[in-house]
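Below is one structure, written out as structure tokens, with a few remarks after it.
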Amino acid sequence: MEWNEAIEDLEDRRSKARLGGGQTAIDKQHEKGKLTARERLDILFDEGTFVEIDDLVESRIDDFGLDQKRVPGDGVVTGYGKINGRTVFASSEDFTVIGGSLGEYHSRKIVHLQDLALKMRCPIVTINDSGGARIEEGIDSLSGYSGIFERNTIASGVIPQIAVILGPCSGGACYSPAICDFVFVVEDTSKMFITGPQVVKTVIGEELSAEELGGAVTHASKSGVAHFLYKSEKNCLGGVRELLSYLPENNQAPLPVVPAQSVDLCENLVNIVPANKRKSYDVHEVIYSMIDKDSFFEVQKNWAKNAVVGFARMEGETVGFVCNQANHKGGSLDIDASDKMARFIRFCDCFNIPIVSLIDVPAFLPGSEQEHNGIIRHGAKMLFAYSEATVPKISLIMRKAYGGAYIAMNSKQMGADHVFAWPIAEIAVMGAEGAINIVRRRQIQEAEDPEAKRKEMIAEYEEKFLNPYIAAKRGFVDEVIRPDETKVKILAALDAMKTKQVERPYKKHGNIPL
């Protein structure tokens, strides 16, 4: 073959790979409001930086007419490029090729990409748009998932792993995103379910739509599977780029520093947080008062709203915030909030992101539903996560810090490096009313005016015990600070702890109460 023939043949093969399932299939993809695999990568990566690999890989199976359907690339585009100027690896499933189904070589391409990302210690993004396992390839298809899951697990805590669901993701395909650090979804487009609507109807007789069973809103607000919800693919992929701007490339790389507008609005905190513990407020306003302008990137904001977690920047540097949200369930800890906080804490610890905890918590949420569904086990995840974490840990007790929930929110003896408290903070086993009803019950019952006696004893208890100074005397609080000092104090503590090192006993890993 002459040079011109060889080059022409190469370009013809490349053209077939770029066209995927053909123009008709691409048009159908667009009619559904979905972008193609390559269009998504163009949005994700810095312009002109994406380098495709394994673009000529094809399935070797001819059964069931696959020889008429297969094309170079085998239904997934893989490669690497720059996002915000840093190297990232990515795969993007192509629904136009056999429904994006995962076959033997489709999975081999993803596994090869995972191996490269881990070797190079770079983040990996997997864009999912697939009908699931390629039935025509049988066990070869199922085996492909196994290799992907194993590599997800090995890379966990070493490099950031982000899954983006931009179409169907069903059956075993769901578990790779579930092992990843973060899952992004898009309204009306993303669908995740282990068994589809038809299977559910056949097995249990219940008829559910794909959206009801496992749509984007369901997973962002009810199941907690998804971390970020967007209205369009473009905004979703932009969200991935934004998230990566907060994260290091791997667990040994430095955190990125992004110049931003510094903000200190802490003098207004006395107007945001009422001294009256019966009144509510939005903890987001507390966060905004001390972080760089517009830098809060909230995680799972639609799920377990009594907890607020997310990344922010303080003087350009990444910090993880873990907060009680007083305006939802009073900020109490329940099963979902415990899971949400514990996983975020562990992610921050994996990638050396300091944690700031904003505490205003009355209790673990009481009730038979919580007990029967394992609040003890789920709450223990928080205890484990905070105790295990070796990154700088700063706690600010804003108002209530009661009972076991106070301990779970990174108390001093749980390993907090520095504990601040505002003058209105209440640190106790429980609130005054509950405490008096237990320890002064007889005196109240024997009084001439039980209700007046009860109010008197509550006031006495509050004055004597419900203040931060008892805890400060015992060393459980390092400093009682004015609200307007909050940012300055937290920044000084973060700066002092940059060289923190912790030695722990050797072990393969702990046994977190899953």
**Complete:** When every non-hydrogen atom of A416 is compared with those of S395, the smallest separation belongs to CB-OG, 3.9 Å

**Message:** Within this structure, what is the OG-CG distance for the pair S190 and D129, rounded to the nearest 0.5 Å?
**Reply:** 9.0 Å

**Complete:** Output for pair (Y246 OH, E317 CD), nearest 0.5 Å, gives 14.0 Å

**Asked** Is any side-chain heavy atom of Y386 closer than 4.5 Å to a side-chain heavy atom of S411?
**Response** no

**Asked** Can you tell me how far CG of N327 sits from CG of D282, rounded to the nearest 0.5 angstrom?
**Response** 5.0 Å

**Asked** How many angstroms lie between CG in N324 and CE in M341, if you round to the nearest 0.5 Å?
**Response** 4.5 Å

**Prompt:** Between V76 and D54, is any pair of side-chain heavy atoms under 4.5 Å apart?
**Reply:** no

**Prompt:** Charged N to carboxylate O under 4.0 angstrom, K412 versus D478?
**Reply:** yes

**Request:** Specify the closest pair of heavy atoms between P160 and L247, including all atoms of both residues, with the distance to one decimal.
**Result:** CB-CD1, 4.1 Å

**Asked** Can you name the closest pair of heavy atoms from P513 and A380 and give their distance?
**Response** CG-CB, 3.6 Å

**Prompt:** Quick one: OH on Y402 to OG on S332, what's the gap to the nearest 0.5 Å?
**Reply:** 13.5 Å

**Request:** Would you indicate whether the side-chain heavy atoms of V111 and D115 approach each other to under 4.5 Å?
**Result:** yes

**Request:** Check whether any side-chain heavy atom of L44 lies under 4.5 Å from a side-chain heavy atom of I83, and answer yes or no.
**Result:** yes

**Request:** Could you tell me which non-hydrogen atom of H106 sits nearest to which non-hydrogen atom of G100, and how far apart they are?
**Result:** CE1-O, 3.5 Å

**Request:** Determine, step by step, whether R40 and L166 satisfy the side-chain contact (heavy atoms from CB on, under 4.5 Å) criterion, reporting the C-alpha distance in whole Å, the side-chain angles of both residues, the deciding distance to 0.1 Å, and the verdict.
**Result:** CA-CA 10 Å; R40 290 162 176 166; L166 297 181; 3.5 Å; yes

**Prompt:** Any chance OH of Y175 has more than 12 other-residue heavy atoms, nucleotides or ligands included, within less than 6.0 Å?
**Reply:** no

**Item:** Student check: side-chain heavy atoms of Y469 and P423 closer than 4.5 Å
**Value:** yes

**Asked** Rounded to the nearest 0.5 Å, what separation is found between the OG atom of S289 and the CG atom of D484?
**Response** 11.0 Å

**L56, CG atom: more than 12 neighbouring heavy atoms under 6.0 Å** = yes

**Request:** Establish, from distance only, whether the side-chain atoms of H378 and K381 form a donor-acceptor pair under 3.5 Å.
**Result:** yes

**Asked** If you measure from the Lys or Arg side-chain nitrogens to the Asp or Glu carboxylate oxygens, is any gap between K109 and D74 under 4.0 Å?
**Response** no

**Asked** How about K500: does its NZ atom have over 12 heavy atoms from other parts shown lying under 6.0 Å from it?
**Response** yes

**Item:** Under 3.5 Å: donor-acceptor pair, side chain of R121, backbone of V158
**Value:** no

**NZ/NE/NH1/NH2 to OD/OE distance under 4.0 Å, D360 and K277** = no

**Message:** Quick check: do S156 and Q161 have side-chain heavy atoms less than 4.5 Å from each other?
**Reply:** yes

**Message:** Is it the case that atom NZ in K301 sees more than 12 heavy atoms from other parts of the structure closer than 6.0 Å?
**Reply:** no

**Prompt:** Would you find a donor on one side and an acceptor on the other, under 3.5 Å apart, between the side chain of N306 and the backbone of H328?
**Reply:** no

**Item:** Side-chain donor/acceptor of N251 to backbone N/O of C350, under 3.5 Å
**Value:** no

**Message:** Looking at E242, I'd like to know if its CD atom is crowded, meaning that more than 12 non-hydrogen atoms belonging to other residues, nucleotides or ligands lie closer than 6.0 Å.
**Reply:** yes

**Asked** Judged by atom type as modelled, is there a donor-acceptor pair below 3.5 Å linking the side chain of S338 to the main-chain atoms of M382?
**Response** no

**Request:** Write down the atom of C323, the atom of V283, and the distance for their closest heavy-atom approach.
**Result:** CB-CG2, 3.9 Å

**Request:** Give the C-alpha distance, both sets of side-chain angles, the deciding distance and a yes or no for side-chain contact (heavy atoms from CB on, under 4.5 Å) between Y288 and V263.
**Result:** CA-CA 8 Å; Y288 300 153; V263 172; over 6 Å; no

**Request:** Please say which of F297, F321, F296, F344 ends up in a ring-ring contact (aromatic ring centres under 6.0 Å, His included) with F311.
**Result:** F344

**Message:** Could you tell me if the side chain of D292 sits less than 4.5 Å from the side chain of E315, heavy atoms only?
**Reply:** yes

**Request:** Describe, in one word, how the ring planes of F347 and F351 are oriented to each other, choosing from parallel (under 30°), tilted (30 to 60°) and perpendicular (over 60°).
**Result:** tilted

**Message:** Could you tell me if R313 and S245 have a donor-acceptor pair between their side chains, going purely by distance under 3.5 Å?
**Reply:** yes

**Where G81 and F45 come nearest, the two heavy atoms and their spacing** = N-CE2, 3.4 Å

**Message:** Working note: T486 + F420, criterion side-chain contact (heavy atoms from CB on, under 4.5 Å); need CA distance, chi angles, decisive distance, verdict.
**Reply:** CA-CA 9 Å; T486 300; F420 299 104; over 6 Å; no

**Prompt:** Are L255 and N352 close enough that some pair of their side-chain heavy atoms sits under 4.5 Å apart?
**Reply:** no

**Prompt:** Taking atom CZ of F89 as the centre, does the number of heavy atoms from other residues, nucleotides or ligands within less than 6.0 Å exceed 12?
**Reply:** yes

